[in-house]
Amino acid sequence: FIAILLVLNFANAEPPNLLFEAVQHQRRLEESMKELSSTWEQIIVDKDQLLDSRKTIEALANNAERVSDECSQDIGLIVDALLELARESAKGNGSLTDFDREVVLPMIDSAGRIGPAILKGHIYFAGHFSECHSINFAVDGRSRRMKGTYFRIANDVAFRDNRVNGSCANIAKNFKFGICLPAGCTSADLMKVFRPETGDPVVPNSVCAVQRTNDSLPPLDAGFYVTASIMAIIALLGISSSIVDYLLSETAQKAGITNELPWRIFMAFSLYSNISSIFDVSAANKDGQIGPIHCIRFFSMSWVVMGHFFSSSLLTSANPFDILTMGKDLLSEFIMNAYFAVDSFFFMSALLLTFIWFKNYHKNPRGTNSAAAWIMFYVHRIIRLSPPYYMAVIFYTWVLKQMFVDKPFNMTFLYNGDFCRETWWIELLYAHNWWKADKACMGISWYLAAEMQIYLFTPLLILPLAIKPAIGFIVAAVVLIISTAANIFLVYYYHWPVRLLWPCFPTRETMHFSNYSMLMYDNPLIRCQIYIMGMLVGWFLQTKKTMKINPIINIICWVLGLSLMLCVVFGLHDQSNGFYIPVFWRAMYSSLSRIAFGVGLTWIIVSSYYGYGGPINKFMSWHIWIPFGRLTYCGYLTHIPVMMLIMGQSTDTVFFTTFLEAFITRVVSTITVTFFVATFWSSLFEISFGKIQTILLGGLRPSSGEKKKQVTEESWTANTEEKIIEK
């Protein structure tokens, strides 16, 4: 790991990380506001100088030889109609033709205009997409109908002539506005007029780029049809097996075919049984369970969704600076430090790994520590995690984008900011946080890659803990020291901030900030701190079955643990208000904050497990959290597509008002829909393939040494403790 780290220190990758892009977007906007404040203020006062819908149509009409025949014909009809309207208006005649009412006026009316909130970061004026898209008029004398198409035109941020050096340098921070034009026109037609590849534009203008709805839409190629077919086949299997399961299960049992291999594999896909098992809480009060785990998972998942939503809002809202004003509120730190939600996942995964492994080891040391068992240790992990993950990758790569056809969302960074069609196969190898990190596909899947890479080395700690715990503690301490030292080194060497989100922008002394995601945020060497802590806690719970805790010590530990968690989450509030943190304290926070957060999680688990959690444990062990906890993995895989689909339904300008409004109308709805989708995703691609793996490879897993009990596939999710770690 250290060798890889040193080799990659001089790389200059720039992963398309959602949080990173949101930060960079705000940074560019703030820089533009400072550098070009006088220009932006003049725009507010005098908006007539800007290119609008009428000027665009006139420019296309005056240069018909540069555009396609269809575009020239359509523009000609509109210009003739506008001239006729002007003549009739001069005569005092206000009569309109059907063409005027159904084409010309909606086309002009739906175009975006430079409007309010420029000083709040409003640089995209969308217009009214649905009004433009609804234009569909039968023109007399020709078979081709007149349809409206939505374009997005990007102008130089200072509205300089696009021939001037330095203009159009950064499209991301340029002014953009929507415009409605005939469907016969293309982006290439407009670029030939306003910014041709050779020669000068016909008129001086500030147009930098033109994009039409669906320009970025990928073709319906073989990848789409193969992915859609696979998903459809599995869905049909789920539906058909559910019908058979519900109507014919008793008949099949009487016929004696329920133990036949084909029947068991077919029934593994039953949505009826799989969904029922997700919501089955009959084993909620079983002894020896870690009660708070499902609650922690649910709220961590909700925390992740909230963090990603507000990061995305910085890229899509018309007034992003208003979102940044939340930074002055102490509670906003809960959003800015949503990173710790992922650390909860690392901790829980490691906790359950050793908790289950040592449970089996104590029952059957020889079988659990055999060569076959260690082979299955890896095989079982990959087979359990991969089917829902692989389906998410290919769905994201070939199907998701087709769901935004005829939506302006397909012109945004959230839609176009990935390299899935180029590097999807690296995702399947759990290696993209290192390999071609600058061309990542699913931004959220870095967690799966980092955890899988940590998991590969977990036997180096598990075996010493099993043979001689003192050696295990030494190994854990050494790795923790190396991880902490690497973290401190990176912050000192690159002068990095303590976190990725605003307002921690890199300063002049910062080097290679674009490497932050790969070398710090996604790096398993850095992330392994809290994972090791989780492994030690899992070992401790299985080693010490009971423990008495003095009530006073228990209360003190609760106060200290929760205080540490609150400290790392809210402790940077002064920095959010402009206080500069020296590099020493940045390094200390970056290297020790996850450990402090892990200490808080440790006491929540330990105190609750041994019966000293009180009302907190009762709430966190409430059986209502169990289904949500089981769905967290698939919820994590699907929440970004769900969020994109929800955001994509907004076709016009979206303004941010207040945190509470955004949380109620967007965050809560996204969380709700995410867990709804995760229910079916888990049932079709996780539980079903988990059952098949149990059927085909269950005999290869080590026995506990006790008399084997027959466990049906239907109880795989709800009634076996082992299934928790599989998730």
Side-chain angles (χ1 to χ4, degrees), residues 15-18 216-235 238 301 304-305 308 342 345 349 379 381-404 410 413-453 455-456 517-518 522 524 631-645 648 674 677-690 692-693 726-727:
N17 181 285
L18 179 61
S216 301
L217 195 71
L220 293 175
D221 54 10
F224 170 81
Y225 291 108
V226 170
T227 302
S229 298
I230 293 173
M231 297 183 72
I233 291 172
I234 295 176
M301 184 67 241
V304 168
V305 172
H308 282 156
V342 183
F345 291 149
S349 179
V379 172
R381 173 81 170 187
I382 294 172
I383 292 178
R384 282 293 196 220
L385 293 181
S386 295
Y389 171 50
Y390 287 178
M391 290 305 303
V393 170
I394 63 175
F395 172 79
Y396 192 92
T397 303
W398 281 289
V399 176
L400 177 64
K401 293 190 175 184
Q402 300 299 333
M403 303 174 76
F404 296 99
N410 64 41
F413 169 79
L414 291 177
Y415 181 89
N416 296 299
D418 66 73
F419 297 86
C420 282
R421 294 201 164 223
E422 182 179 348
T423 62
W424 63 271
W425 56 276
I426 298 179
E427 296 275 344
L428 308 185
L429 301 176
Y430 297 92
H432 59 274
N433 58 332
W434 291 111
W435 191 5
K436 293 192 176 182
D438 58 330
K439 294 184 177 181
C441 174
M442 292 177 63
I444 60 169
S445 53
W446 68 267
Y447 164 76
L448 298 175
E451 188 187 358
M452 181 64 76
Q453 291 158 20
Y455 185 87
L456 294 176
S517 289
M518 182 176 66
D522 304 349
L631 293 171
T632 299
Y633 176 50
C634 288
Y636 184 81
L637 294 176
T638 58
H639 80 279
I640 291 294
V642 167
M643 185 177 67
M644 291 173 63
L645 288 169
T674 293
V677 172
T679 301
F680 293 93
W681 202 272
S682 178
S683 299
L684 289 173
F685 308 123
E686 182 184 19
I687 298 177
S688 57
F689 286 95
I692 292 174
Q693 191 250 340
E726 316 303 349
K727 306 276 278 186

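The aromatic rings of His639 and Tyr636 sit tilted relative to each other, their planes meeting at an angle between 30° and 60°.
When all heavy atoms of Gly648 and Phe404 are compared, the pair lying nearest together is CA-CE2, 4.1 Å. In plain terms, the two heavy atoms of Ala440 and Thr423 that are nearest each other are C-OG1, 4.1 Å. Of all heavy-atom pairs between Thr397 and Cys420, the closest is OG1-CB, 3.4 Å.
Taking 4.5 Å as the limit, every side-chain heavy atom of Glu427 sits out of range of all side-chain heavy atoms of Tyr390. For the pair Thr638/Pro388, no side-chain contact is recorded, criterion being any heavy-atom separation below 4.5 Å from C-beta on.
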Stepwise side-chain contact (heavy atoms from CB on, under 4.5 Å) test for Met644 and Leu400: CA-CA 9 Å; Met644 291 173 63; Leu400 177 64; 4.1 Å; yes
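For the residue pair Tyr430 / Glu451, no side-chain donor-acceptor distance below 3.5 Å is found, with atom types taken as modelled.
Between the Trp424 side chain and the Cys441 main chain, no donor and acceptor come within less than 3.5 Å of each other. A donor-acceptor pair is defined here as one N or O able to donate and one able to accept, closer than 3.5 Å; such a pair exists between the side chain of Ser688 and the backbone of Leu684. A donor-acceptor contact shorter than 3.5 Å is absent between the side chain of Glu686 and the backbone of Tyr389. Of the possible polar contacts, none joining the Asn433 side chain to the Tyr447 backbone as a donor-acceptor pair under 3.5 Å is found. Formation of a donor-acceptor pair under 3.5 Å by the Tyr396 side chain with backbone atoms of Pro641 is not found in this model. Between the side chain of Tyr633 and the main chain of Leu385, a donor-acceptor pair closer than 3.5 Å is present.
For Glu422, the side-chain hydrogen bond (donor to acceptor under 3.5 Å, both in side chains) criterion is met by Lys439, not counting sequence neighbours.
Note: Gln693 CD to Ile382 CD1 = 11.0 Å, rounded to the nearest 0.5 Å.
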